[in-house]
Structure formats: structure tokens, C-alpha cells
Amino acid sequence: MNELAKTYTPQDFEDKWYAYWLNQKFFHAEANPEKEAYTIVIPPPNVTGVLHMGHMLNNTIQDVLVRKARMQGKNACWVPGTDHASIATEAKVVQLLREQGIKKSDLSREDFLKHAWSWKEKYGGIILDQLKKLGASCDWDRTRFTMEPKLSEAVIDVFIDMYNKGLIYRGLRMVNWDPQGKTALSDEEVIHKEVQSKLYYIKYFMADGSGDFVTIATTRPETILADVAICVNPTDERFLHLHGQKVLVPFLNREIPIIADEYVATDFGTGCLKVTPAHDVNDYALGQKYQLPVIDILDESGFLNAEAKDERYIGKDRFAVRKQIAIDLEEAGHILKIEEYKNQVGTSERTGAVIEPRLSLQWWVDMKQFMARNPQVLDAVMSDEIQFHPAKMKNTYKHWIDNIKDWCISRQLWWGQRIPAWYDEKGNLVAVAKTESEALDILKAKGQELTANSLKQDDDVLDTWFSSWLWPISVFDGFEDPDNADIKHFYPTNDLVTAPEIMFFWVFRMIMAGYEWRGEKPFKNVYYTGIVRDKQRRKMSKSLGNSPDPLDLIAKYGADGVRMGMLLCSPAGNDILFDDSQVEQGRNFANKIWNAFRLVKGWEVKPDNGFSPEILAANKLSADWFAGRLHDALIDIEDKYKGYRLSEALMSIYKLIWDDFCAWYLEMVKPVYGEPMNESTYQTTLSFFEELMKVLHPFMPFITEEIWQNMAERKTGDSICVANYPAAVGVDAPNLSRVFESIQQIRNLRNAKGLSPKEAFEIAIKAKDQTLYAPYTFLIQKLANVSAISFVEAQPQGTTLLPVDTDELFVVLNLQVDEAAEREKIEKEIAYLEGFMKSVDAKLSNEKFVANAKPELVEKERQKKADAAAKIEVLRKSLG
RNA sequence: GGAGGUAUAGCUCAGCUGGUUCAGAGCAUCUGCCUUACAAGCAGAGGGUCCUUGGUUCGAAUCCAUGUACCUCCA
């Protein structure tokens with residue numbers, strides 16, 4: 001290293017070191033039974049996605065964990081990859097085609113998939129390249145994609161296996177229908193939003209022509225065309241006379257019965273419920289119970305179909321009809337009133353469209369049965385066999401499992417794994433098999449002769465999560481070859497880092513898959529990150545435009561600064577409020593380190609024998625002190641890692657470097673201007689620096705590598721990312737607490753009195769135990785700019801007293817002291833200590849305390865009392 | 001409507017098994033310094049009814065209950 005730039009400029013070296021790491025294959029891991037494996041599988045981002053702040057946080061945490069494991073000599077493997085994201089990707093491709101004037105409906109399945117694949121090839125890798133900018137140390141040779149042939153095959157095999165085990169069934173059920181994506185969704189893919197809508201009170205006239213009517217309240221007047229009954233609560237006295245009567249559906253004049261069921265709430269709306277089995281989940285249940293007909297008036301796009309019967313509305317969108325029918329009802333005298341009303345509507349996570357409950361034939365996973373087969377899915381989490389961080393997430397997990405519902409896994413899309421089910425010409429399910437010929441074989445074995453022409457495969461594909469739940473197994477080809485070296489070595493994985501909202505979509509289901517197909521948990525720890533929000537607590541999102549572009553941030557502050565900014569404020573499970581100023585703090589820290597290194601590298605180094613024994617001894621003492629600090633800090637940091645408290649670990653490192661190393665240690669050993677540094681202290685300082693860089697490396701990989709490479713001669717193939725992580729070594733460190741306090745007291749006095757730090761003065765110390773000061777007077781002289789130090793038995797004339805713990809320090813200065821203010825300050829201090837002593841006394845004289853509290857605690861209290869008494873004495877004396 | 005969570009300094013958060021090493025950290029603020037590594041810096045300082053009200057206990061920020069506010073998930 002020749003010249004170091006004056007300020008830290010990450011742009012100069014980040015790309016260089018990332019390329020070097022890749023070149024040297026430091027991130028690549030091969031199965032090796034000799035070594036302890038450490039594995040993370042990435043939560044595969046959508047192949048359509050671009051990096052957002054959530055990814056940044058998530059992947060920074062993973063990188064910290066994997067880099068530390070790697071430095072600790074583990075066989076660290078972080079498997080990257082992407083998710084095919086069937087709905088999101090298909091929606092994007094459809095939109096792109098539309099822009100080119102091509103309609104999906106005009107394309108064959110094969111042609112559409114060609115377009116989708118070429119789109120994926122073009123844009124699919126973007127997000128992974130962005131992760132490289134962040135410094136992610138993934139094993140890129142292992143990059144997987146949930147829809148690549150091997151992984152798709154695993155999905156199909158699993159489907160067939162589950163079908164054969166009776167864990168999957170096909171059934172006509174109410175599903176969440178996305179009219180825009182034209183597909184079914186699982187419950188987890190539906191987002192409930194509160195909207196301002198209207199509650200319409202509509203009159204239904206009695207069929208007997210009496211002119212009497214009942215009033216119902218609904219937010220969806222367009223569905224009256226699909227009404228098949230009116231329902232009231234059997235105990236509702238207002239409507240007893242109506243039971244069994246009939247009313248007419250407005251406009252259609254269809255006669256429908258009035259039925260009674262406890263389901264209806266008497267205190268909501270009018271107490272009369274219109275029953276529309278085709279368009280409401282609860283109504284469907286009612287319809288089943290009373291064997292009511294089902295009239296479905298909506299098509300797959302949410303437009304009214306011929307079943308609506310009324311020509312005015314057929315072929316029109318549900319929302320348009322809602323508006324129109326309200327007007328028409330009003331004109332026809334059917335509207336009693338319209339109220340403003342807040343209610344929840346389900347929307348599609350992917351397309352944003354309002355979900356339509358729709359009766360359709362779909363494939364389902366029988367979750368209750370699955371759980372019965374694999375009780376460990378719950379037990380392992382509750383017993384901490386799989387640890388959640390933070391642990392409070394266990395409650396949510398349990399509650400959800402206790403209320404588990406079947407999982408709808410079929411999607412009416414083309415982009416994804418096509419369901420391996422086969423139907424005859426009448427649409428009857430005849431076989432579940434991987435290929436057409438296997439299906440024919442199965443049929444043959446059953447004695448059914450069908451030809452390829454009469455056999456038709458299911459048109460639908462599987463839910464994206466039906467492939468990602470296999471991820472920890474499938475990335476190691478654990479389905480294709482269950483005993484291969486990779487899966488045996490790397491599975492179960494160690495840590496999973498993900499967002500809490502993914503718990504049910506993904507974490508839970510991976511645990512299911514792990515026990516079902518490996519008989520083993522998929523990971524040991526789950527770290528739930530927070531949601532990244534802006535300063536106003538709004539979730540960062542593209543539509544709000546409140547999310548900074550991570551790459552811009554990296555360009556401005558450097559990847560290390562961004563990583564640190566993300567981590568500083570993100571305890572596990574808490575939302576993180578993101579602000580540029582945090583990233584700035586990270587960048588400033590990097591700059592601090594950079595300059596500390598400039599200082600050390602700038603020293604002129606000469607052999608020890610040219611230095612006075614005093615200087616050598618002094619530097620040795622300083623080094624011993626810092627070695628002690630380093631030891632304590634390493635233990636503390638390790639502790640925080642163990643509890644997955646990464647932001648706290650980082651804060652400990654931050655303070656270790658900034659305060660202990662830079663502010664204290666470097667100032668202690670720094671030669672006066674123009675003087676050289678002795679060789680042994682220089683070497684010790686460099687080795688401290690190296691240890692610090694190693695400890696910091698998982699958090700700030702780039703700057704630590706840059707400095708590490710420059711602190712000594714390095715060979716190609718050397719890197720801090722594979723250097724040994726420092727271990728805490730016990731040391732005999734001097735206690736400098738009184739020395740530091742003395743220095744701070746003197747600095748404080750200077751500040752308070754407006755004395756220049758350049759002006760040196762003498763001090764005298766009256767101490768019970770001089771050995772706490774005598775060997776270190778050079779430090780007080782150097783760091784507090786003191787010209788001479790003597791030890792005395794009483795306060796010399798014309799000096800100012802500074803209390804240092806129970807000792808007294810006298811500054812030899814004729815200060816114009818504001819006597820009254822001084823006295824007041826000291827008296828305040830005495831009052832506080834006396835109050836303190838009183839409370840300790842009260843405790844000690846309380847028999848129950850002495851009897852109940854632990855003996856060491858009582859002893860501690862006695863000690864406190866004695867200390868306080870000594871301090872009071874010192875203060876009293878200073879008052880004269 | 002149901003479930004879970006949170007409430008501590010201006011902001012973001014620690015505070016574990018109740019006990020003055022318990023009221024803390026970082027940032028921000030204020031004061032003084034461009035002190036030859038760093039103004040992206042240095043040296044200091046101020047700042048809190050630990051959400052309310054009860055209870056348990058010799059002792060509560062900590063445990064329990066109630067209320068309030070906010071967040072998340074589910075219906």
C-alpha cells in the first residue's frame with residue numbers, strides 16, 4: 001500500500017473485491033463430511049422482482065450469519081435462487097404481450113410459455129446481480145430456479161406422492177377468485193382491506209301480492225339477481241310471521257322462500273339476510289344446509305352472465321352493475337335508504353383485484369390429515385427444536401395451526417408446474433401420473449383401455465408455494481436422489497431469515513415438507529425480520545414511491561454503509577424505520593475506520609531499543625488494557641450472536657472500534673507529533689486492528705477486506721472472508737477506570753471553565769490506593785494535558801477539588817470559582833447520596849429483606865452503603 | 001367479531017431470573033473546539049410521571065388485572 005485516500009471512497013474497491021471473491025471461489029462449498037456444515041437457503045425472490053429495501057435487510061442478515069460461519073471454519077453454504085412466481089410473472093408477461101398487441105387468449109399454451117421463458121431469460125437474473133452489489137456471499141454455482149426442470153420434477157413427484165397417500169383431493173368448493181388474474185387463490189394470497197362503501201337497504205315485496213315487504217341490507221346489490229332465499233334468525237320476534245312465506249326478487253320476480261337460521265345476526269342491518277350461495281362463502285354454507293339452488297351470475301372476469309336474466313346487466317362488469325342497479329332499484333321504489341359503510345374486502349395480493357368468492361372445482365391439500373401424520377410440525381416449534389427469533393412468533397404459529405384450513409393449490413394459469421392429473425373425454429379424473437404414457441399404463445393395469453387421444457391433462461398449474469415449500473430439500477436434489485452427498489451434508493439447514501408475513505405461506509409449509517419427506521426439520525432457527533417502513537411508519541412500497549432505490553444508496557454511501565444502516569435499527573421481529581441518516585452513520589463509521597488505518601499506517605516505525613523504558617512500559621500497559629477490552633467485547637459479541645441480536649452485536653463492535661480503540665487506545669499510544677512509533681507497539685496495534693477487522697467483516701465486508709489486504713503482504717488466495725474469526729483469549733488487563741474518570745473530570749473542568757485544552761497544568765492526587773494511579777500517570781498527562789502529577793495527603797493551597805470515586809484530585813490552578821454554584825452542586829450530590837443511603841438502610845434494616853433476599857445481594861447492599869458513605873465524606877470535606 | 005403483539009429520553013430501541021453495576025445505548029439537540037488520522041471529526045452537557053389505575057410482594061419499568069392507544073394476523 002502506498003497512498004491512502006484522505007476520505008473513505010467505497011466506489012474505489014467494492015466491485016474489485018467482489019470480483020476477487022468470486023474469482024477465488026470463496027463462497028463455493030462442496031459437501032465435506034469432515035467439516036461442520038452451515039447452510040442457509042435464500043428466500044427465493046420473485047424472478048420478476050427488483051431489489052427493494054426488504055430484500056436488502058433480509059439478505060444483509062443472511063450474509064452476516066454466513067460470513068461469520070465461514071470465518072469460523074464451517075463449511076458455509078448459502079444457496080441462492082429465484083421463484084417463478086406464477087401469478088406475478090404471468091401477469092407481467094400478459095401485460096407485455098398486450099403492449100405488443102398480442103392477446104393471451106389468441107396464443108396456444110406452448111406459445112405463451114415460449115414468450116414467458118424468453119422474458120424470464122431476459123429479466124430473470126436482475127435481482128441476483130443486485131444482491132452481488134450488496135456483497136452477498138452466495139454460492140452462485142448453486143443458483144436454482146423453482147421452475148427449472150429438476151425442481152419442477154420434484155414438484156410433480158410430490159404431488160403424485162401426496163395424491164397416492166390421500167393427502168390431496170379435488171373438490172368443488174368456494175374459492176377466492178381473482179377476476180383479473182382469472183385464477184383461484186389460497187387464503188394466504190388474499191389481503192383484506194378496509195374500504196368505504198355503501199350499505200343498501202332494499203325492499204323485497206311479498207309474493208302474495210299484499211304489498212307488504214321485507215327489507216334486507218347489502219353492500220352488493222348486484223348479487224340480488226342470484227338470490228335464492230331470505231334468511232332471518234328463528235328467535236327474532238319481528239319476523240316470526242314470515243317463516244315459510246315467499247318474496248319476490250326485485251326485477252326478476254323470482255319467488256324465493258324466507259327461511260330461519262341462527263346464523264343471521266339480529267343486530268346487523270335489518271335482521272334479514274339475502275342468501276346468495278354462489279357469491280358468498282357463508283351463504284354457500286346456508287345454501288348447502290337448506291339445499292337451495294346455486295345461481296352463479298358472474299363469469300371468470302367478474303362480468304355478469306346470462307344467469308343474471310336481466311338484459312340490462314348481462315355482459316357488464318360487477319362494479320358497473322352495482323352502480324346501475326342501485327339507480328334502477330331506486331327508480332323502481334325498492335330502495336329504502338343508503339348508508340355509508342366501512343367494510344373489509346379481500347383483494348388479490350398479486351393483481352390487487354377485489355376477490356370474488358366463487359364456486360369452482362379445485363385441487364386441495366388436506367391439511368388436517370397432513371398435520372395428523374406430522375405432529376412434529378407444531379411440536380418442534382413449540383419445544384424449540386426449531387427456534388423462532390423472536391420467540392413470540394410461536395404463539396401466532398400455534399394459533400394458525402389450531403385453525404388450519406385446507407390449502408387450495410390449483411391455479412388457472414399457464415406459468416408453473418402443470419398438474420399431473422388426467423381426464424377422460426367426459427372430464428372424469430381417471431389418473432394422476434407424471435406422463436401421458438404412465439397414465440395410460442395405470443389405466444391399463446386397472447383394466448381401462450384409453451387412448452392417448454381421449455386422455456386430457458389438467459389445464460391448471462400448481463400454486464407457486466407448492467414448489468417453494470420444497471426449497472430446502474429440492475435445492476440439494478433431495479427428491480431426485482434422497483441419499484446424495486449434498487443433502488446429507490447440508491440438510492437440515494441452520495438458519496432461515498425471512499419476513500414474518502411469510503410464516504404461513506412458506507415457513508410453516510417448509511416445515512411440513514421437511515417432516516413428510518425427510519423425516520427431519522428443514523432448519524434449526526428462523527429469524528423473522530421486521531417490515532421496512534419509512535419515517536412515517538408507512539410500509540415501503542413502489543406504489544407509494546417512498547422506497548429509495550437500494551442501488552442508488554449503495555452508489556452514494558457504499559454497500560457497507562447501507563448494510564450497517566439497515567442493521568443498526570433492526571432487532572429481530574421489530575419493524576425497521578428506515579432513514580438515510582442511518583446509512584450516513586454507517587458511512588461515517590467506515591470513514592472513521594479508514595482514518596484510523598491512515599493514522600497507523602502513517603507512523604514512522606523504529607526498533608524498540610531506541611525508545612525510553614518509560615515509553616515502552618507505557619505502551620505495553622495501554623496494549624494490555626486494550627487486550628482486556630477486546631477479550632470482554634468478543635465474549636459480549638458472541639453472546640449477542642447466539643441470541644440472534646445482530647443489531648446489538650453490531651453496536652458492540654461499533655463502540656469497541658470507535659470508543660475503545662480509536663478514542664482511547666490509539667490516543668494512548670499515539671506518538672507526539674513528529675516522533676516515531678516503537679516497533680513492538682506498532683505490531684501489537686496492527687494485530688489489534690486485524691482482529692477488529694475480522695470481527696467487523698461479516699457486517700462490513702468490503703472496507704474490512706480493503707484494509708486487511710493493505711495491512712500486511714498478502715498473497716493471491718488470501719482473504720479476510722476466509723480468515724479465522726477471533727477467539728476471546730483471557731488476559732491480565734490493568735484496571736484503568738479511575739484513570740479514565742480522572743481524565744474525564746479534568747476535561748470536564750476545562751469545558752466548564754472555558755480553559756483551552758492546549759494549556760497544561762499540574763495536578764495532585766489524594767488516593768486511598770495509589771497503585772490505581774501511579775503506574776498510569778503518563779496516561780493522565782497525555783490525555784488530559786497535565787504537566788505534572790504528585791501524590792498528597794491533604795488538599796494543597798489554591799487548588800480545585802475534583803472527586804474521583806472515593807478519591808480526590810486537585811487541580812493546581814487559581815480559578816475564579818463561583819463558590820455558591822459549586823457548593824450547590826456538591827450539596828445536591830450529597831443529598832442524592834444520602835437519599836440513596838437511606839433506601840439502602842431501609843432495606844438492610846428490613847428483617848424480611850435480610851431473611852428473604854439472597855445472601856450475596858445483602859452483602860452487595862452493605863458494600864453499596866459503605867461506598868456511599870465514603871463518597872459523602874469526600875464531598876463534605878470539599879465543602880470545608 | 002376473534003387472536004397475537006407493543007407502549008421506557010425528541011427519534012429508534014436495550015433493559016434476561018423482580019433488588020441503585022436500574023433507569024441505559026445509538027442517533028438527534030445544545031456548548032466549546034478546524035487540537036497534524038478523521039468536521040463524515042474532537043471534548044463535554046442537558047434530556048424520561050418507564051401509557052393509566054389498581055393488585056401481588058419486604059421490594060415492581062419488570063409479575064397479574066383493568067382501561068386507553070397503536071401495530072400485525074385471521075374472519
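These numbers were taken from a predicted model, which means no experiment stands behind them. Chain naming here is simple, since letters A, B, ... match the order of the sequence lines and numbering starts at 1 in each.
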Exercise for the section: Give the rounded distance in Å between these two atoms: OH of Y654(A) and C1' of U12(B). Expected result: 14 Å
Problem - Spacing of K392(A) atom NZ relative to A3(B) atom P, expressed in whole Å - result: 19 Å
Practice task
Please work out if E667(A) contacts a base, only the sugar-phosphate, or nothing of the nucleic acid, heavy-atom cut-off 4.0 Å.
Solution key: base
Problem - Proximal nucleotide (of C42(B), A43(B), A37(B)) relative to the L599(A) side chain - result: A37(B)
Handout entry: Atom-to-atom span, CH2 of W506(A) to P of C73(B) - whole angstrom
Key = 19 Å
Completion exercise
Residues passing the ring-ring contact (aromatic ring centres under 6.0 Å, His included) test with F589(A), sequence neighbours excluded, are Y654(A)
Completion exercise
Pairing string of RNA chain B (Watson-Crick or G-U wobble, both atom distances under 3.5 Å; | = paired to other strand) is (((((((..((((.....[....)))).(((((.......))))).....(.(((..]....))).)))))))).
Handout entry: Phosphate OP1/OP2 of C42(B) contacted by K592(A) side-chain N/O (<4.0 Å)
Key = yes
Exercise for the section: May I have the distance from M564(A) (atom CE) to C27(B) (atom C1'), rounded to whole angstrom? Expected result: 11 Å
Problem - Interatomic distance where CE belongs to M367(A) and P belongs to C74(B) [whole Å] - result: 14 Å
Practice task
Take atom C1' in U17(B) and the same atom in A61(B), then report the distance between them in whole Å.
Solution key: 16 Å
Practice task
Mind running side chain to side chain contact (heavy atoms under 4.5 Å, CB included) on I554(A) and M56(A) for me, showing each step along the way?
Solution key: CA-CA 11 Å; I554(A) 289 175; M56(A) 301 283 284; 4.0 Å; yes
Exercise for the section: Taking atom types as modelled, find out whether N619(A) and N678(A) have a side-chain donor-acceptor pair closer than 3.5 angstrom. Expected result: yes
Exercise for the section: Quote, to the nearest angstrom, the C1' distance that separates U68(B) from G54(B). Expected result: 15 Å
Practice task
Could you tell me whether the phosphate oxygens of C42(B), OP1 or OP2, come under 4.0 Å of any side-chain nitrogen or oxygen in W658(A)?
Solution key: yes
Problem - Sugar-phosphate only, base, or nothing, as touched by K670(A) at under 4.0 Å among non-hydrogen atoms - result: base
Fill in the blank from the handout: Testing U31(B), A37(B), A75(B) for proximity to the side chain of N751(A), the answer is U31(B)
Problem - Out of A43(B), G5(B), A37(B), whichever nucleotide has its closest atom nearest the side chain of A663(A) - result: A43(B)
Problem - Closest nucleotide among C38(B), G44(B), G4(B) to the R747(A) side chain - result: G44(B)
Problem - Euclidean distance for C1', C74(B) against G55(B) (whole angstrom) - result: 33 Å
Exercise for the section: Answer with base, sugar-phosphate or nothing: what part of the nucleic acid does E584(A) contact at a heavy-atom distance below 4.0 Å? Expected result: nothing
Practice task
Determine the interatomic distance between P on C64(B) and the same-named atom on C51(B); round to the nearest Å.
Solution key: 15 Å
Exercise for the section: Kindly say if N395(A) contacts the phosphate of G5(B), meaning a side-chain N or O under 4.0 Å from OP1 or OP2. Expected result: yes
Completion exercise
One should read off an interatomic distance between T685(A) OG1 and E690(A) CD, to the nearest 0.5 angstrom, of 13.0 Å
Completion exercise
Side-chain contact check for H399(A): nearest option of A3(B), C27(B), C38(B) is A3(B)
Handout entry: Atom-pair distance (CG on L568(A); C1' on A28(B)), nearest Å
Key = 14 Å
Exercise for the section: Would you please confirm or rule out a distance under 4.0 Å between OP1 or OP2 of A40(B) and any side-chain N or O of R587(A)? Expected result: no
Problem - G32(B) and A60(B), which share atom name P, separated by this distance in whole Å - result: 44 Å
Handout entry: Whole-angstrom distance between G46(B) and U57(B), as gauged at atom P
Key = 40 Å
Practice task
Determine the contact category for W603(A): base if any of its heavy atoms lies under 4.0 Å from a base atom, sugar-phosphate if only primed atoms, P, OP1 or OP2 are that close, otherwise nothing.
Solution key: nothing
Problem - First of T396(A) and N595(A) reached from the 5' end of RNA chain B, by closest nucleotide - result: T396(A)
Exercise for the section: Answer yes when D639(A) and R645(A) have at least one side-chain N-carboxylate O distance shorter than 4.0 Å, and no when they do not. Expected result: no
Handout entry: Output field: ring centroids F661(A)/Y665(A) closer than 6.0 Å
Key = yes
Handout entry: W664(A) ring center near F740(A) ring center (under 6.0 Å)
Key = yes
Exercise for the section: Report the nucleotide, chosen from A43(B), G26(B), G5(B), that has the shortest atom-to-atom distance to any side-chain atom of M651(A). Expected result: G26(B)
Exercise for the section: Please state how far atom CG in D636(A) lies from atom P in C16(B), giving the value in whole angstrom units. Expected result: 15 Å
Exercise for the section: Flag yes if more than 12 heavy atoms outside K556(A) fall under 6.0 Å of its NZ atom; otherwise flag no. Expected result: no
Problem - Interatomic distance, K640(A) NZ vs C16(B) C1' [rounded to whole Å] - result: 12 Å
Practice task
Give the nucleotide from the list A37(B), G26(B), U6(B) with an atom nearest to the side chain of A596(A).
Solution key: A37(B)
Problem - Closest to side chain of R645(A), choosing from G26(B), A40(B), A14(B) - result: A14(B)
Exercise for the section: Please tell me which of F589(A) and W664(A) maps to the more 5' nucleotide of RNA chain B, matching each residue to the nucleotide holding its nearest heavy atom. Expected result: F589(A)
Exercise for the section: For A45(B), take OP1 and OP2 only and decide whether either is under 4.0 Å from a side-chain N or O of N748(A). Expected result: yes
Practice task
Kindly confirm or rule out a cation-pi arrangement of R629(A) over F688(A), judged by NZ or CZ under 6.0 Å from the six-membered ring centre and within 45° of its axis?
Solution key: no
